[in-house]
Peer 1: 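Below you'll find the structure I mean.
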Amino acid sequence: MTDQPTGKLLHHRAEGPESAPPLLLGPSLGTSLALWDGLAPELSAAHRVVRWDLPGHGGSPADLIGPGATVADLADLVLALADSLGIGRFAYAGVSLGGAVGLHLAAHRPERIERLAVICSSAHFNGARPWEERAELVRREGLAPVAASADDRWFTPGFTVPRLVEDHRTADPGAYAACCDALAAFDLRERLPSITVPTLLVAGREDPATPPSHLREIADAVPGSALAEIPGASHLAPAERPEAVLAALRGHFDGYPGRGMEVRRQVLGDAHVDRAQSRQTPFTARFQDFISRYAWGEVWTDPTLARRERSMITMTALVAHGHLDELAMHVRAARRNGLTPEEIGAVLLQTAVYCGVPAANSAFAVAQRVLAEEDAAPDGA
Ligand SMILES: O=C(O)CC1=CCC(=O)O1
């Protein structure tokens with residue numbers, strides 16, 4: 001685990017294997033990366049988890065933002081942090097203001113976001129006035145009056161997390177007020193239908209700040225998104241019901257296409273996958289995601305069968321159904337998975353018995369062409 005105060009970057013903590021797919025975790029206003037204490041150890045078993053602090057909160061410098069800050073400014077700071085860590089695309093989960101940062105990134109920088117979870121957050125925070133008033137109060141009197149009501153705003157009655165309330169009390173008033181400015185100006189409703197990143201919305205059923213109706217509004221507008229409601233949780237659901245939020249996040253991030261994509265590239269080759277990715281449109285995005293997660297992230301990654309065995313099964317099924325374009329792709333994949341041309345020929349001969357001679361005849365023609373092309377240009381895909 002590394003925990004680095006960094007000059008002009010957001011303070012962050014990185015956990016989990018460096019080679020695992022990256023998952024960035026964003027906090028809510030007034031809290032710190034400690035908001036994720038109940039989930040980060042579990043999530044970092046399968047991800048490189050990087051949790052960050054808002055400016056002037058936790059360990060982040062206060063002067064990273066100033067009056068009139070926007071959620072776009074915070075999103076730029078998150079991207080600068082990712083850049084500094086050598087992270088290109090990443091999965092992202094954020095709570096409240098941290099979730100707004102995730103929505104902004106998914107809408108404006110989708111090439112950086114693999115999957116998104118937006119927790120106890122909203123596409124708008126009930127207009128500018130309450131946040132302008134809160135910013136004014138904090139600039140005038142510091143954080144004590146606002147921190148005094150933290151338990152009521154964040155948790156169900158009788159629950160608290162003293163560490164988070166203390167983080168709230170000790171945040172930098174100027175940076176906190178600048179975050180309020182960002183919330184005042186934030187309204188992403190019109191952009192929601194353009195989001196193509198696979199998105200999960202998580203609502204605390206008792207959340208007065210961003211009630212389930214706000215998350216439902218996002219779920220209704222973002223194509224293909226899913227909504228989970230957490231009973232017995234208010235605004236800081238990851239702190240109050242960590243096990244329930246963890247289960248929802250695992251369902252969303254595990255079988256994660258990061259791993260699926262890796263296997264897909266190994267089997268089908270970079271050129272093919274890059275081509276498929278570049279042709280992706282909002283219309284096909286969910287199908288591409290489905291393929292990456294299920295076909296490659298779950299089935300092809302299951303170690304029960306060797307990859308060469310999976311290649312034999314796949315070619316047979318493609319011959320049986322006459323999918324000759326897909327067969328060409330999987331003859332190339334079979335070579336990458338270690339099958340020799342003789343073994344591929346033996347598979348196709350067997351299909352003549354079970355799928356029929358005409359089907360095998362077409363398959364042999366396709367395979368012969370592909371093998372000849374492979375001979376001529378072994379790395380072409
Ligand atoms: O602080 C609150 O009252 C609730 C909240 C709104 C945005 C955020 O991050 O927290």
Side-chain angles (χ1 to χ4, degrees), residues 10 25-36 51-58 60 65 69-75 77-78 92-105 117-139 141-157 159-161 163-173 175-188 201-215 217-218 233-240 245:
L10 293 168
L25 302 177
S28 68
L29 178 68
T31 68
S32 70
L33 49 72
L35 177 57
W36 296 100
R51 27 181 174 152
W52 54 271
D53 280 329
L54 285 162
H57 294 60
S60 281
I65 54 170
T70 62
V71 168
D73 296 333
L74 295 171
L77 288 168
V78 170
Y92 182 94
V95 182
S96 200
L97 177 54
V101 169
L103 280 174
H104 177 93
L105 287 169
V118 175
I119 303 167
C120 301
S121 186
S122 185
H124 65 97
F125 289 82
N126 294 315
R129 198 65 211 129
W131 300 104
E132 288 166 357
E133 284 169 4
R134 196 186 291 190
E136 259 169 55
L137 173 66
V138 170
R139 285 186 174 114
E141 297 182 28
L143 275 159
V146 182
S149 64
D151 279 343
D152 293 340
R153 302 194 323 268
W154 286 353
F155 304 117
T156 60
F159 190 87
T160 190
V161 179
R163 160 79 198 267
L164 293 177
V165 177
E166 181 61 10
D167 282 337
H168 191 349
R169 214 180 48 74
T170 56
D172 178 87
Y176 183 99
C179 289
C180 293
D181 295 343
L183 288 163
F186 184 70
D187 190 341
L188 203 87
L201 294 318
V202 179
R205 201 167 276 167
E206 323 273 336
D207 180 359
T210 50
S213 58
H214 282 226
L215 283 301
E217 180 178 36
I218 305 173
S234 180
H235 190 55
L236 298 191
E240 190 161 8
V245 176

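Counting starts at 1 for both ligands and their atoms, in listed order. Below, all heavy atoms of this structure are taken into account, side chains as well, without hydrogens, waters or symmetry copies.
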Peer 1: Could you check ligand 1 for N or O atoms lying under 3.5 Å from protein N or O atoms and list the pairs with distances?
Peer 2:
unit_1   : atom_1 : unit_2 : atom_2 : d
ligand 1 : 1 (O)  : Arg134 : NH1    : 3.0
ligand 1 : 1 (O)  : Arg153 : NH2    : 3.2
ligand 1 : 3 (O)  : Arg134 : NH1    : 3.4
ligand 1 : 3 (O)  : Arg134 : NH2    : 2.9
ligand 1 : 3 (O)  : Arg153 : NE     : 2.6
ligand 1 : 9 (O)  : Leu29  : N      : 2.7
ligand 1 : 9 (O)  : Ser96  : OG     : 2.9
ligand 1 : 9 (O)  : Leu97  : N      : 3.0
ligand 1 : 10 (O) : Ser96  : OG     : 3.1
ligand 1 : 10 (O) : His235 : NE2    : 3.3

Peer 1: Answer with yes or no whether the side chains of Thr210 and Asp207 bring together a donor and an acceptor at under 3.5 Å.
Peer 2: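 There is such a pair between these side chains.
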Peer 1: State, to 0.1 Å, how close Arg169 and Ala147 come at their nearest heavy-atom pair, and which atoms those are.
Peer 2: CA-CB, 3.8 Å
Peer 1: Going by the rule side-chain contact (heavy atoms from CB on, under 4.5 Å), which residues pair with Pro173 if we only count those two or more places apart in sequence or in a different chain?
Peer 2: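 Pro173 satisfies side-chain contact (heavy atoms from CB on, under 4.5 Å) with Val138 once adjacent residues are dropped.
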Peer 1: Where do Phe155 and Val161 come nearest, in terms of heavy atoms and distance?
Peer 2: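 Scanning both residues completely, I find the closest heavy atoms to be CE1-N, 3.7 Å.
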Peer 1: With a 6.0 Å cut-off on the ring centroids, do His168 and His57 count as close?
Peer 2: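 That pair fails the under 6.0 Å test.
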Peer 1: Between Ile65 and Cys179, what is the shortest heavy-atom contact and its length?
Peer 2: CD1-SG, 3.9 Å
